[in-house]
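Read the structure below first, then the notes.
Side chains included, hydrogens not; waters and symmetry mates left out as well; all remaining heavy atoms used. Note that the structure is predicted; figures quoted are calculated from it, not measured.
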Amino acid sequence: MAPSAPADSSLAAARHRLRAWMLEGLADMAKHHPGPQSAHRGQRWWRVMCLTGVDYFSTLGYQPGIAALAAGLLSPIATIVLVIVTLAGALPVYRRVAKESPHGQGSIAMLERLLSFWKGKLFVLTLLGFAATDFLITITLSAADASTHLVENPHVSSALHNQQLVITLILVALLGAVFLKGFLEAIGVAVALVGLYLALNVAVVVVGLWHVATAPHVVADWSHALTTEHGNALAMVGVALLVFPKLALGLSGFETGVAVMPHIEGDPDDTEARPTGRIRGARKLLTTSAVIMSVFLIVTSFITTLLIPEDAFKPGGTANGRALAYLAHEYLGSAFGTVYDISTIAILWFAGASAMAGLLNLMPQYLPRYGMAPHWARAVRPMVLVFTLVAFLVTWIFNADVDAQGGAYATGVLVLISSAAIAVTIAARRARERGWSIGFAVISVVFLYTTIANVIERPDGVKIGACFIAGIILLSFLSRVARAFELRVTSVVLDDMAERFIRDIAHRKVRLIANEPDQRDLAEYRDKLQQICTDNDLPAADDFIFVEVTVGDPSEFESELRVRGEVLHGRYRVLCLESSTISNALAALLLHVRDVTGAQPHIYFEWTEGNPFAQFLRFFLFGQGEVAPVTREVLREAEPDRARRPRVHVG
């Protein structure tokens with residue numbers, strides 16, 4: 001048996017190293033670094049723009065084709081409507097979101113402040129469900145679209161026929177591997193991909209415009225066909241407005257733009273409370289990417305509509321989902337077309353990187369703080385594995401079909417943009433900015449109309465979003481139940497009076513009495529003391545301190561515990577606490593007293609009458625319930641050593 005000991009030791013060491021590697025940089029993408037020295041750390045805004053740009057700019061791979069299918073000859077005009085909504089609607093909204101929520105929580109944090117207690121948590125979980133829909137479908141849809149471009153490349157189409165699902169799963173796995181390696185590596189890859197992809201698109205656009213300019217009849221034929229089909233300019237604009245919801249995918253990228261704000265380098269004197277440089281960098285990021293994308297959208301929709309036959313855009317056509325790739329092969333040759341295909345495949349594959357970064361920053365900001373995710377959910381690598389596995393499942397369910405996932409993607413994008421527009425409207429109104437309030441309200445109406453129209457046309461998006469929401473809510477509440485007996489107090493802070501009470505009683509036996517404050521008159525404390533002494537056979541002359549907990553927001557999970565000392569009626573010392581739960585606050589106080597005094601504190605309770613299950617529900621939902629046994633259970637989990645555990649007495 002002796003030779004197995006070294007093997008067991010090496011196995012344990014390997015497990016320890018694996019655990020340390022998995023939990024390295026706990027909350028690295030979500031924690032707030034206090035102080036001016038760390039708040040400005042990060043990447044230059046244009047580098048972070050490339051991370052969000054792999055999602056936003058990659059829509060050039062399919063957006064011209066979507067516009068052509070939705071609007072036909074009106075594609076350039078419909079795209080101009082999209083650009084107007086982008087620059088006059090989405091961009092001002094998210095520039096305001098960057099100012100109001102500079103730590104990466106986005107518009108969800110702005111709306112979270114409007115609601116309290118459990119209804120606020122449920123509202124946030126619902127929005128997180130749509131965010132998860134948007135970000136996860138971004139990963140799976142982009143990977144599926146990349147595999148489509150690969151499979152349809154004329155050089156490899158015969159060899160890779162019917163292998164789209166396998167290729168998509170491999171691409172998703174590779175994306176997860178990049179984030180397991182490290183976040184800086186992801187930004188480096190994004191910069192290279194975006195730079196190459198935009199340069200190749202410039203070449204395609206220049207050549208396309210040259211062919212349009214050297215063939216004047218193309219523009220004349222298009223103009224004549226437009227007039228014949230729609231009659232006049234007013235009718236054209238009306239139809240363009242009607243088909244606008246179908247082009248909503250061109251608005252993707254704004255939510256991830258604010259989600260990755262913590263990674264933008266700020267000014268040296270930035271603080272977490274006032275990250276002025278970070279906000280300025282985020283606004284540059286949003287504006288620059290929106291302007292670049294707007295120019296590309298207008299020009300590419302124009303040249304693809306004029307130069308590609310209408311039938312080629314239809315399902316099964318050679319330009320379906322790859323209009324610019326079609327032009328690259330047609331006008332720049334097979335070699336350039338293949339390079340363009342490789343670049344498109346690469347950026348579509350890595351488009352999920354911005355979504356992964358958004359998920360890794362967004363989810364740890366809320367779920368662990370709500371107690372609705374385990375502690376390891378604050379670490380990057382375990383969450384990368386979770387999101388990658390979910391992406392595998394989504395890809396398998398939809399069989400890597402781009403069209404099948406389009407409705408869910410558009411729904412997630414539009415719900416988040418609509419919520420952002422509503423959030424900034426409320427923020428402007430509270431700031432008494434009348435002009436901005438009216439402007440943002442109009443933008444909100446536009447996005448709400450677009451969202452509703454998209455849902456009516458593609459209700460599957462809401463169904464998929466509802467599945468994500470139901471899954472998040474179910475897992476969140478199961479986690480909350482599993483973590484119900486954790487200590488849940490981040491720190492204990494005593495005022496001068498409370499510290500004086502503790503120092504004084506530490507010279508004797510530390511005895512605390514848990515009291516539910518009622519009238520707080522002389523009789524209440526006198527009767528309570530007499531009852532405790534009688535129930536526990538204690539001499540009334542012993543030294544006691546009353547402890548009273550006021551429950552604030554019971555839906556909160558983690559919080560700082562502040563303790564205030566009072567002397568009531570000239571004789572009774574009282575420690576006043578405010579917390580989301582009574583039991584966890586009392587347990588945290590007892591452990592703090594033990595640690596600072598070295599003495600083992602005793603606390604005395606009276607039994608609470610009522611059904612145990614009903615009392616647990618009261619504790620879970622309202623932070624009250626049967627206090628004594630729950631306090632003892634919290635102490636048991638927090639301090640395994642029974643000899644060092646504070647004593648709980650119930651009479």
Side-chain angles (χ1 to χ4, degrees), residues 25-57 90-113 131 135 179 182-188 190-191 194 253-293 353-366 369 378 380 416-417 419-421 423-424 427-428 431 433 436:
L26 192 65
D28 188 42
M29 301 186 70
K31 66 185 178 184
H32 302 326
H33 304 274
Q37 295 301 315
S38 58
H40 67 278
R41 294 175 183 171
Q43 299 287 312
R44 299 293 298 274
W45 66 266
W46 59 268
R47 288 176 60 85
V48 181
M49 183 190 75
C50 290
L51 180 64
T52 62
V54 288
D55 173 23
Y56 195 26
F57 299 143
L91 180 58
V93 164
Y94 278 96
R95 283 174 61 89
R96 182 64 177 252
V97 171
K99 176 185 175 183
E100 298 281 346
S101 180
H103 302 302
Q105 304 101 317
S107 58
I108 296 177
M110 298 173 64
L111 293 170
E112 181 189 23
R113 301 168 197 152
F135 293 159
F179 276 87
F183 182 71
L184 289 178
E185 286 78 0
I187 287 187
V191 171
V194 167
F254 281 101
E255 193 70 29
T256 51
V258 293
V260 298
M261 276 187 68
H263 306 296
I264 298 176
E265 180 184 46
D267 294 335
D269 58 348
D270 272 8
T271 65
E272 285 300 304
R274 295 180 60 84
T276 306
R278 180 195 297 171
I279 294 172
R280 186 173 60 254
R283 288 180 159 185
K284 289 180 181 178
L285 179 157
L286 294 168
T287 303
T288 304
S289 58
V291 170
I292 292 173
M293 189 63 175
S354 62
M356 182 71 82
L359 284 168
L360 292 172
N361 186 66
L362 195 62
M363 294 300 179
Q365 301 249 25
Y366 293 98
R369 177 162 58 88
R378 285 191 171 98
V380 172
L416 291 179
I417 292 180
S419 66
V424 298
E433 300 170 351
W436 281 113

Quiz prompt | Listed partners of Arg95 passing salt bridge (Lys or Arg N to Asp or Glu O under 4.0 Å), at least two apart | solution = none
Quiz prompt | Interatomic distance, Thr52 atom OG1 to Leu285 atom CG [nearest 0.5 angstrom] | solution = 4.5 Å
Exercise. For Arg274, enumerate each residue passing the salt bridge (Lys or Arg N to Asp or Glu O under 4.0 Å) test, keeping only those at least two apart in sequence or located in another chain.
Key: none
Exercise. Nearest 0.5 Å please: distance from the NZ atom of Lys284 over to the CD1 atom of Ile264.
Key: 10.5 Å
Quiz item: Which pair of non-hydrogen atoms, one from Trp436 and one from Pro92, has the smallest distance, and what is that distance?
Solution: CZ3-CB, 4.5 Å
Self-check item: Shortest non-hydrogen contact from Tyr56 toward Met293
Solution: O-CE, 3.1 Å
Quiz item: Would a 4.5 Å heavy-atom cut-off, applied to side chains only, mark Lys99 and Arg283 as touching?
Solution: yes
Self-check item: Which atom of Ala431 lies closest to which atom of Arg96, heavy atoms considered
Solution: CB-NH2, 4.2 Å
Quiz prompt | Least distance between heavy atoms, Thr276 atom then Asp267 atom | solution = C-OD2, 4.5 Å
Quiz item: Are any of the side-chain heavy atoms of Phe57 and Ser289 separated by less than 4.5 Å?
Solution: yes
Exercise. Only counting residues at least two apart or in another chain, list the ones meeting side-chain contact (heavy atoms from CB on, under 4.5 Å) with Ala420.
Key: Val93, Tyr94, Val97, Ser107
Exercise. Compare every heavy atom of Val48 with every heavy atom of Gln43, then report the nearest pair and how far apart it is.
Key: CB-CG2, 3.7 Å
Quiz item: How close do Ala131 and Leu416 get, heavy atom to heavy atom, and via which atoms?
Solution: CA-CD1, 3.7 Å
Practice problem: Any chance you could measure Arg278, atom CZ, to His263, atom NE2, to the nearest 0.5 Å? | Solution: 9.5 Å
Quiz item: What's the spacing between Thr287 OG1 and Leu91 CG if we round to 0.5 Å?
Solution: 4.5 Å
